[in-house]
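Predicted model, so just to flag it, every value in this text is computed and none were measured.
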Amino acid sequence: MTSRTSNLNPSRPNPSQHNSRAHLAGKPTWGFTTILLLTAGLLLSVTLAVMLGPVAVAPGTIWRIVLSHLPWLDQWIPVTWTKPEQYIVWEIRFPRVLLGVVVGAGLAVTGATIQALIRNSLADPYILGVSSGASVTATLVIVFGAFGFLGRLALPLSAFIGSLAAMLMVFALARVAGSISTTRLLLAGVAVSMMLSAVTSFIVTMAPNEKGIRDAMYWMMGSLAGAQWDTLFIPSLIVAVGTVVLLTRYRSLNALLTGEETAVTLGVNVQAFRVLLVVVASLLTGTVVSVSGSIGFVGLMIPHIVRLIVGSDHRRVLPVSLLTGAIFVVWADVCARLVLAPQELPIGIVTAVCGGPFFVWLLRRSSYSFGGEK
């Protein structure tokens with residue numbers, strides 16, 4: 001971001017800039033220690049999540065199995081575990097927990113980004129209609145077996161294609177006279193989401209059997225049960241790259257919170273930056289939805305909680321949201337697996353149970369406003 005603050009008269013404080021600094025200060029900020037604590041918490045959560053289940057596995061056994069699959073380490077680790085333990089840890093639980101980490105991180109980072117983009121505390125990763133687009137193509141695969149030639153990749157690839165199509169529709173509807181305003185973007189997202197949700201409902205009602213309806217509804221409420229190693233790499237890469245891109249533009253995100261006029265004064269090309277944020281957010285959301293279904297409230301809750309703790313500086317908000325979202329989804333999935341074991345709840349139900357009371361509490365806090373500012 002090119003800074004133009006040198007053009008301002010240093011003897012005359014800029015009110016907008018002063019308000020920006022006050023707003024970004026928010027609550028007392030945490031630094032490197034917070035990242036270390038959350039990283040340790042994430043490792044502990046991953047270990048416990050893999051341990052818990054019908055067959056208990058010791059934490060030492062878990063990490064020996066994991067390290068034995070890493071290059072150059074396998075020859076140094078003696079095999080002290082059974083084949084069933086290796087299958088449970090490496091083929092079932094560990095990829096599922098890692099997928100929860102990726103999904104939670106992606107949704108939380110995207111939620112923080114979209115809330116800054118439209119300066120609305122109720123924004124979430126699905127406000128642009130991306131989730132609805134992914135649901136349309138995903139239900140076609142689940143109910144009618146579309147894109148069967150893609151094999152196991154049929155569901156994630158079709159959902160991703162649907163999310164991209166929805167993103168293009170929102171862009172086309174929101175663009176007027178060569179520019180895209182936040183209001184038109186929101187309205188276009190709502191309109192596209194409603195239309196595509198209706199299409200999804202129609203597809204489900206046309207299902208030839210009850211199993212297809214049940215599977216489609218279950219996927220639409222979110223699940224990590226389909227986690228596999230060969231479908232983990234691409235989502236992980238996209239979430240990592242998207243987060244890095246956003247972190248490199250944290251100053252522009254901070255400026256955007258203060259309003260478009262102030263952001264322009266600070267040297268931000270608002271139109272181009274808004275397009276970049278929408279593309280990155282849609283890509284992250286589409287990728288996550290393609291592998292986990294629709295999991296609500298993560299992108300709403302986590303950025304709120306993080307801003308209440310560390311303030312609104314996106315240099316801290318983004319990495320802390322990433323780690324907090326990952327931890328939250330890992331434990332939400334543990335609850336989904338164990339609450340009604342041996343049956344499994346859709347993870348979207350668990351996140352909704354957490355999200356509803358959270359927003360009731362948030363509404364009752366008279367001192368709260370967007371960004372954690374009193």
Side-chain angles (χ1 to χ4, degrees), residues 1 32 35 38-39 42-43 46 70 95-117 123-131 133-134 153 155-168 170-171 224 227-256 268-269 272-295 298-299 302-303 306 313-330:
M1 181 183 73
F32 187 64
I35 305 297
L38 287 173
T39 302
L42 179 58
L43 290 174
V46 168
L70 298 179
R96 176 170 181 154
V97 172
L98 289 185
L99 181 60
V101 170
V102 173
V103 169
L107 290 176
V109 168
T110 309
T113 302
I114 293 181
Q115 287 175 8
L117 169 66
D124 75 342
Y126 302 105
I127 200 167
L128 299 179
V130 181
S131 176
L153 296 177
L155 182 58
L157 285 180
S158 62
F160 183 62
I161 292 171
S163 67
L164 289 178
M167 181 187 69
L168 293 176
V170 172
F171 263 110
L224 304 179
Q228 296 175 338
W229 285 110
D230 56 0
T231 58
L232 262 176
F233 176 73
I234 293 179
S236 303
L237 179 63
I238 291 177
V239 170
V241 172
T243 302
V244 170
V245 169
L246 294 171
L247 276 172
T248 60
R249 306 300 300 273
Y250 78 89
R251 290 188 179 89
S252 298
L253 281 168
N254 291 344
L256 203 60
V268 179
N269 185 337
F273 186 56
R274 183 184 290 122
V275 171
L276 172 66
L277 292 182
V278 171
V279 170
V280 173
S282 298
L283 181 61
L284 290 175
T285 305
T287 301
V288 168
V289 171
S290 71
V291 293
S292 66
S294 298
I295 301 176
V298 178
I302 300 303
V306 169
D313 186 350
H314 285 86
R315 180 175 51 179
R316 296 179 175 89
V317 168
L318 291 175
V320 174
S321 293
L322 182 145
L323 293 169
T324 307
I327 293 172
F328 175 74
V329 171
V330 165

Handout entry: Worked check of side chain to side chain contact (heavy atoms under 4.5 Å, CB included) between Phe171 and Val275
Key = CA-CA 9 Å; Phe171 263 110; Val275 171; 4.2 Å; yes
Taking only distance into account, with no hydrogens and no angle test, what donor-acceptor pairs under 3.5 Å do side-chain atoms of residues 101-108 form with protein atoms, sequence neighbours excluded?
none

Problem - Step-by-step side chain to side chain contact (heavy atoms under 4.5 Å, CB included) determination, Leu277 to Leu246 - result: CA-CA 8 Å; Leu277 292 182; Leu246 294 171; 3.7 Å; yes
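- Closest heavy-atom contact between Ala166 and Gly129: CB-O, 3.4 Å.
- Ala326 and Leu42 make their closest contact through CB-CD1, 3.9 Å (heavy atoms, listed as atom of the first residue, atom of the second, distance).
- Residues Leu318 and Leu322 have side chains not in contact (no heavy-atom distance under 4.5 Å, counting atoms from C-beta outward).
- Between Leu253 atom CG and Arg315 atom CZ the span is 13.0 Å, to the nearest 0.5 Å.
- Panel note: side chain Thr324, backbone Ser321; no donor-acceptor pair is recorded below 3.5 Å.
- Gly100 and Leu224 make their closest contact through CA-CD1, 3.5 Å (heavy atoms, listed as atom of the first residue, atom of the second, distance).
- Here the closest non-hydrogen pair linking Ser163 and Val130 is CB-CG1, 3.3 Å.
- Of the possible donor and acceptor atoms, one in the side chain of Thr248 sits under 3.5 Å from a partner among the backbone N and O of Val245.
- Of all heavy-atom pairs spanning Leu323 and Leu38, the tightest one is CD1-CB, 3.6 Å.
- Rounding to the nearest 0.5 Å gives a distance of 10.5 Å between CE of Met167 and OG1 of Thr285.
- Here CD1 of Ile302 is found 12.5 Å from OG1 of Thr110. Values are rounded to the nearest 0.5 Å.
- Atom CZ of residue Arg249 and atom CG of residue Leu256 lie 10.5 Å apart, to the nearest 0.5 angstrom.
- Here the side chains of Val288 and Leu284 are not in contact, with every heavy-atom distance at 4.5 Å or above.
- Asp313 contributes no side-chain N or O that, together with a main-chain N or O of Asn254, makes up a donor-acceptor pair within less than 3.5 Å.
- Residues Pro303 and Val298 share a closest heavy-atom pair of CD-O, 3.8 Å.
- Atoms NE2 and CG, from His314 and Leu247 in turn, are 10.5 Å apart once rounded to the nearest 0.5 Å.
- Contact check for Leu98 versus Trp229: side-chain heavy atoms found under the 4.5 Å cut-off.
- The structure places CG of Leu276 at 10.5 Å from CG of Asn269, a figure rounded to the nearest 0.5 Å.
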For residues 231-241, dump all side-chain donor-acceptor pairs below 3.5 Å to protein atoms at least two apart in sequence or in another chain.
{"from": "Thr231", "atom 1": "OG1", "to": "Gln228", "atom 2": "O", "distance (Å)": "3.0"}
{"from": "Ser236", "atom 1": "OG", "to": "Leu232", "atom 2": "O", "distance (Å)": "2.7"}

Problem - Stepwise side chain to side chain contact (heavy atoms under 4.5 Å, CB included) test for Phe160 and Leu283 - result: CA-CA 8 Å; Phe160 183 62; Leu283 181 61; 3.3 Å; yes
